[in-house]
Amino acid sequence: MARVFIPATLRDRCDGRSEVEVEGATLRQIVENLDAACPGIAARILEGEAVRPDLALAVNGVVGAEGLLERVPDGAEIQIMPAIAGGGAG
Amino acid sequence: MRAAAGSRRIVVGATINDEPQEFLADERDSLLEALRERIGLTGVKEGCNNGNCGACTVILDGRLVCACLVMAAEVEGSAITTIEGIASSEGLHPLQQAFLDDAALQCGVCTPGFIVAAKALLDVNPHPAEDDVRLWLAGNLCRCTGYDKIVQAVLDAAGDGKESA
Amino acid sequence: MVTTEKPYKVVGTRPIRPDGTDKVTGRANYGADIRLPGMLYGRVKRSPIAHGTIKRIDASKALALAGVRAVMTAEDLPRKGRREFAPLGSVKISLATLSGNVMARDKVRYEGHAVAAVCATDPHIAEDALELIEVEYEELPPVLHADEAMLASAPLIDEALHTREMATGESAEEPSNVAMHFVAEMGDVEAGFAEADVVLERTFKTQMVHQGYIEPHNATAFWRQDGGLEIWCSTQATFVMRDHLAGLLEHPVSQIRVTPQEIGGGFGGKISVYLEPLAAVLSRKTGKPVKMTLTRDEVFRATGPTSGTAIRVKLGAKRDGTLVAAAGELVYEAGAFPGSPVAAGVRCIFTAHAIPNQRIDGYDVLVNKPKVQPYRAPGAPAACFATDSVMDELAERLDLDPIALRLKNAAVEGTRSADGAAFGVIGSRDCLEAIRNSPHYRSELQGPNRGRGVAHGYWYNAGLESSAYASVNSDGTVALVLGSPDIGGTRASIAMQLAETLGIAAERVIPQVVDTDSVGFTSVTGGSRTAFAGGWAAHEAGLDLRQQLAARAAKIWGVEAEQVRYRDDAVIVGPAGEDGGERSITFTELAAKLASTGGMIVGRADSNHASAAPTFATHLVDVEVDPETGKVEVLRYTAAQDVGTAIHPSYVEGQIQGGVSQGVGWALNEEYRFDEKGRMENASFLDYRMPTALDLPMIETVLVEVPNPGHPYGVRGVGEVPIVPPLAAVANAVHAATGHRFTELPISPGAVLEKLLPGED
Amino acid sequence: MQAVKYARPSSVEEAVELLERGGAGARVLAGGTDLIVLARERRIDVDLLVDVKALEPLTAIRYDPADGLTIGAAAPCYRIAAHPAVQEHYPCLIDCATLIGGVAIQGRASLGGNLCNASPAGDGIPALIALGTAVEIAGPEGRRTVAAEQFCTGPGRNVLGSGEFVVALRAPPPDGRAGAAFRRFIPRGEMDIAVTNAAVHLRFDGDRVGDARVAVGAVAPRPLLVAEAGAALAGAPLSEATIEKAAAAARAAARPIDDMRGTVKQRRHLAGVLVARCIRIAAERAGVGP
């Protein structure tokens, strides 16, 4: 079971809830199961076969490199956040 | 502006890093352009090309100048020292060693100008105070270090000079 | 000063950087230093107006000039779709945006926007040719300020742009200059404010500022007759450059090789492509290598900067200082194409503090100014300026010590930010305490017109992919091949981590940064990720070497590999031999035997770790304000930062001192100034006033080491966060000195005088 | 930079001829720190650079107690600042010769060039005006002399006619108990264009100010000699009241503009501040306490 934090503007899909608990061992399963709980939400998160280019899914606060294949440990927290870049320090 | 007219090639004779030489330049070349593009002394850096960053600092007849503010044609008969002429066959100049020891460079592109400028300072003031160093180096911009370690390196190099003298 | 002792031999020492000698003798090759046989010189024709349609481009006179070899325009670049993306680290960037910024097509969107490029046999001729390229524009009214740009009546910079709601991915029906709207919300912000005893709401403004690297952008391209494209340039991201060129030119990645030259500073501004595709097309047209360099004027007008911002912050606190609610609205100028760092601003604005109820709105807004690029902790400094100015006022209002107020509310392990993420092990409190305990904070600031300010900042850091190859030489050294361009000394810090893993001296690892064909994919040098991820890859390559070396020793000794162990002191030990003693061989001895026992060995790693840990910084500054001139002098500065583990403390200190310097410049004097037509007025180092050596004191650093549990050596990125607190710290100090709050940057002498001389005219 | 030719005449007459024949596109190259930038950025039309640094009258610095100080128009700032007579008698010139740009700029830039460039904010000009400097000009009609305060006519404009150039600057000899000072205000510590600058020369008769010359820059299209400020000081002992009167006169004379380097309000205010500061330093240099 993972705890998905729902951003404010997606809560209309989840009866106003800010967190939803769903099953899933990978992010793909999490998104599929989330869509079952909150119909239509997957269409907002995905574009084609991948996460929307301007979004990122974090597992326990960390955005991994494996996209929807990222493993999700039991009890994990999932955040849906904008994809953002860094600068550079030299 | 009038239409572009072709410019002449000129031959300039100067002593560069203790080697007398003649080089071909465009009449409208600055000393910076001539050093970099005609002679290949690319240690002299271009940062702004209008005298505000000091990356192209060289010593011309004993005086610190911005190579971007000198015409190549003007240096006929002059002596020029660039960063390439600071170290000797015996090794690095104490300033160069101090910059390494003190981590006084990050990206390194301003470093040649700072070292040439600092050398000119130590030539006239072998034991400068921190304020002297800051004032003298105010014409050289560094964006990486916040100047702290550069100023320290110059002070340290001056200290080394004192010990060995 | 460094606060902890570490159990390491190499990590934490201060060896001389491997590339140092070349850089102090002028031998290091930077991008503009390249000279190839037959090379042509290219220049860019730029728009003199901020907004307009291109009616006609006529290059015939330029092409007729003796020595001119080719001219290109946007017609020579493939048209890219808005939803075609190229990767850029953890984000993706629209190729239409990239292509449109590289060269204007149909419309110019800012003064300095490239409209054509020319190459010639001599740089002077290329410059002469610029004046002979005729461009006819139909001028449009420019939109120069975000607040105007957001009005429904504003002229549209891009008629096809519709505001996109970040979370839902839905676009508005009407076109707008607002590219994106971000929201982050946690708890119940209304209820939070209702609970508060004190509520402060203030609005802050900052102007565009430039990264200010000393080396202008440059690129040299050679498009070979067989289709291979060679690029030499100063970039923070060779592989990103390669992939972007592949997308922009519709040329196979396999046919593009990017060779990084030494890079003279970047700070985020040398990630994007500018000249490379232009040089490539000109080379394709001429069959010759083409070198292009920007002038400083062009660097200011057409690269960088970071966003000008308008930020509203509302904080609610209990009487004891406990923060109960925060609301923020961040409006960031994107420049002429979408992509401001407002999302990062949203992420960072309140995150250094534990606040249960938050609502943050962020807007990415187009204006007719250069397209912004990342700049050191992009988005965070302006956000921190806003929040920590209000924190300062709150401390004053509640009669609390400013550090005590921040300690009371400091984020700790488990604290959640508005996007729901909870912190792991962090050093937020540690930095605040380090400053509270510093001699500087304990000293009394004496004298008139002086003031002391403090601020506390946060940055999240990045991980991403890095590769490393390490080959053992017969003399007991290791050649380390890296893909990360070294801007600030990362060759040293990465080599040191490999040396630590192998148990050998730092000087025995010889690092080299190589081209995109010679090492595995390595992402951008940026986001403070290089020492973290590059070091991790080097560590893994070292582990690979340890294993192979142990196996080789086992083979030599005729024992099972499992019986052999590589010790941390670089001695390989195995089971007792015939003489009864433990078998052992040093790394150096074994290196000499490799060739005759099966060949030399190479350790490899392709690593991709996401566990870059966040960093915090607390800055303390004393200033003196000249009441007659309004000039602010920085008297003393101390910066405490959670650096994880300081691999090479000198370069960690250098990163902090450099970030402080940029932050002080941003606070006091740096700003883009535009006239009413959107033409930049101060595009030179004379009038864009970056700090000189005279403008700063020595900058004291306190390296607080809270190792990152997600890294083998505890590394956290260190380069970004030092630019976050200075804006607020300086503003708070000026307030202490003058009694005036400055909500707009820069706090230039003119701005200070304006407050000090209210009655005079 | 557009195509240019370079010439290095060996006499003043040859230089005059080159300039006259070259017309508007011919420019005198002294230190080059302004000219080369302007030419490179194509902000001026130039096709001939006449390098006058081989001409002895343009590089010499001479001092004679009777005639005063003569500075060759192309003498670089560092040589001016290092000259013993300048150090002893004209510290006001050291103020500006060590402030124009950084050390590398001072290795080339000249006070003559700074004057000819005629920037309203030129850091060499107020001191020349305050000292009562005469500008010696060579041209096709021979030599003529113009007072420093008359030399600049507007931003980037001066009195020089076709074929004319400045040979030397002549400052009068020190006159009894006198002192002068130059100060400027810039936002950074160095490497900036003055937001406002000022210079003051004071000559004392006993404990009274006998004669005062006050100049301010960057507050009008050209650097100004503010006679009212001088008059406010002359004839009375120096006091806070007369200093404030002089500062007020400088503020009143200022006709500044708003631009990216400063505002009207700021510049007018600074004119008063800098004039007051210069008066105090000049008095101190004259050996008169405030």
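Side chains included, hydrogens not; waters and symmetry mates left out as well; all remaining heavy atoms used. In what follows, chains carry the letters A, B, and so on, assigned in the order in which the sequence lines appear, proteins first and then strands, with residues in each chain numbered from 1.
- Of residues 42-50 of chain A, those residues lying under 4.5 Å from chain C by any heavy-atom pair are A:Arg44, A:Glu47.
- Interface remark: C:Gln373 contributes no atoms to any contact with chain A (heavy atom separation under 4.5 Å).
- Residues A:Gln79 and C:Ala422 come closest through the heavy atom pair NE2-N, 4.5 Å.
- Applying the salt bridge (Lys or Arg N to Asp or Glu O under 4.0 Å) test to C:Arg17 and every residue at least two apart in sequence or in another chain returns C:Asp19.
- Within the 3.5 Å criterion, the main-chain N or O of A:Ala8 finds no donor-acceptor partner in the side chain of C:Glu185.
- Applying the side chain to side chain donor-acceptor pair (under 3.5 Å) test to C:Thr235 and every residue at least two apart in sequence or in another chain returns nothing.
- Residue A:Arg3 places its CZ atom among more than 12 non-hydrogen atoms of other residues, nucleotides or ligands, all under 6.0 Å distant.
- Heavy-atom neighbours of chain C within the stretch residues 16-23 of chain A, taken at a separation under 4.5 angstrom, are nonexistent.
- When the candidates C:Ala418, C:Ala237, C:Gly420, C:Gly424 are compared by the number of heavy-atom contacts under 4.5 Å with chain A, C:Gly420 comes out ahead.
- Note: A:Leu10 leads A:Ile78, A:Leu10, A:Ile6 in heavy-atom pairs under 4.5 Å with chain C.
- Contact annotation: the side chain of A:Met81 never approaches that of C:Met166 to less than 4.5 Å [non-hydrogen atoms, C-beta and beyond].
- Taking the side chain as every heavy atom from C-beta outward, A:Phe5 and C:Met186 never approach each other to under 4.5 Å.
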